Asker: 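Below you will find the structure I want to go over with you.
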Amino acid sequence: GDSVTQMEGPVTLSEEAFLTINCTYTATGYPSLFWYVQYPGEGLQLLLKATKADDKGSNKGFEATYRKETTSFHLEKGSVQVSDSAVYFCALYYGGSQGNLIFGKGTKLSVKP
Amino acid sequence: EAGVAQSPRYKIIEKRQSVAFWCNPISGHATLYWYQQILGQGPKLLIQFQNNGVVDDSQLPKDRFSAERLKGVDSTLKIQPAKLEDSAVYLCASSLVPHTDTQYFGPGTRLTVL
């Protein structure tokens, strides 16, 4: 079945470091891809999304590019801040009558000052 | 605009007890979802409602879990009886229309079964 695989955490970085969180997916078709973020004590928030191959989603300095050839959607940020500390989830979605979000296991990011 | 509301935020019960969670979606959102998020895993859809009807409950363990959305607005998820493996965060989400990737999540209810 369809699935999402994320790199294991936790990831610990110093402030202003470069961030990459790897995400790959398995799917029979061409889903939409997402990154969600979960700050401590809060619900999931959509961070960015891409709906077709070669699309780049971006928000709050984060970027991810939909790579069909490598079935990947890696999350990147050039300079992380302490406030970026959270759990990040990669997800895919197919539309249609059976559409629902399928999430990866999440990657916890801790940014130290 | 108020977000998705859930209560309680935390619940601790003994195994074999019953528990219920409540969710109030964003006003006007016809579709409501319940997800289970076990520690260290991503959320997994349990059930999806469109107004007061069930769209998808294929992942709901129906021997012990039940959910209802009687008036097409708020919803209750119940576990009876609870097992240790039910310890998780239960997330509610809503969307304006069905079959959409644009879902808004509540803060969740953290359940601990002892």
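Side-chain atoms are counted along with the backbone in the values below, which use heavy atoms only and exclude waters and symmetry mates. Order of the sequence lines sets the chain letters (A, B, ...), proteins ahead of strands, with each chain counted from 1. If you're wondering where the values come from, they're calculated on a predicted model, not measured in any experiment.
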Asker: Could you look at B/T102 and say if it's the side chain, the backbone, both or neither that has a heavy atom under 4.5 Å from chain A?
Answerer: side chain
Asker: Going by residue number, which parts of residues 34-44 of chain B are within reach of chain A, meaning a heavy-atom gap below 4.5 Å?
Answerer: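 Counting heavy atoms that sit under 4.5 Å from chain A, the residues of residues 34-44 of chain B involved are B/Y35, B/Q37, B/G40, B/Q41, B/G42, B/P43.
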Asker: Please report the closest heavy-atom contact between B/F105 and A/L101, naming both atoms and the distance.
Answerer: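 Result for this residue pair: CZ-CD1, 4.3 Å.
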Asker: Please flag which part of A/L46 lies under 4.5 Å from any non-hydrogen atom of chain B: side chain, backbone, both or neither.
Answerer: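 No part of it gets close to chain B.
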Asker: Counting only heavy atoms not in B/Q80, do more than 12 sit closer than 6.0 Å to its CD atom?
Answerer: no
Asker: Under a 4.5 Å heavy-atom cut-off, does chain B meet the side chain of A/K108, its backbone, both or neither?
Answerer: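 The answer is neither part of A/K108.
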Asker: Can you tell which part of B/R110 gets under 4.5 Å to a heavy atom of chain A, answering side chain, backbone, both or neither?
Answerer: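 No part of B/R110 comes within 4.5 Å of chain A.
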Asker: Can you check whether anything in residues 50-66 of chain A gets within less than 4.5 Å of chain B, heavy-atom wise, and list it by number?
Answerer: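 If one takes a 4.5 Å heavy-atom cut-off, no residue of residues 50-66 of chain A lies near chain B.
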Asker: Is it true that B/L45 and B/I79 fall in one hydrophobic cluster, defined by side-chain heavy atoms closer than 4.5 Å?
Answerer: no
Asker: Which residues in residues 22-42 of chain A have any heavy atom closer than 4.5 Å to a heavy atom of chain B?
Answerer: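 Those residues of residues 22-42 of chain A which have a heavy atom under 4.5 Å from chain B are A/S32, A/F34, A/Y36, A/Q38, A/G41, A/E42.
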Asker: Quick one: which residues of residues 6-14 of chain A reach chain B at under 4.5 angstrom, heavy atoms only?
Answerer: none
Asker: May I ask you to check whether over 12 heavy atoms, not counting those of B/K62, lie within 6.0 Å of atom NZ?
Answerer: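 Counting neighbours around NZ of B/K62, more than 12 heavy atoms of other residues, nucleotides or ligands fall under 6.0 Å, so yes.
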Asker: Please determine whether residues B/V4 and B/L111 belong to a single hydrophobic cluster, defined as Ile, Leu, Val, Met, Phe, Trp and Tyr linked transitively by side-chain heavy-atom distances below 4.5 Å.
Answerer: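 The answer is no; the residues belong to distinct hydrophobic clusters.
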Asker: Kindly work out whether a path of hydrophobic side-chain contacts (I/L/V/M/F/W/Y, heavy atoms less than 4.5 Å apart) joins B/Y90 to B/I47.
Answerer: yes
Asker: Hydrophobic clusters here meaning ILVMFWY residues chained together by side-chain heavy-atom distances under 4.5 Å, can you tell me if B/L46 and B/V89 are in one?
Answerer: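 They do not share one cluster, since no chain of ILVMFWY contacts under 4.5 Å joins B/L46 to B/V89.
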Asker: Do A/F103 and B/L91 belong together in a cluster built from hydrophobic side chains that touch within less than 4.5 Å?
Answerer: yes
Asker: Would you say that more than 12 heavy atoms from the other residues, nucleotides or ligands in this model lie under 6.0 Å from the CD of A/E16, or not?
Answerer: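 No, not enclosed.
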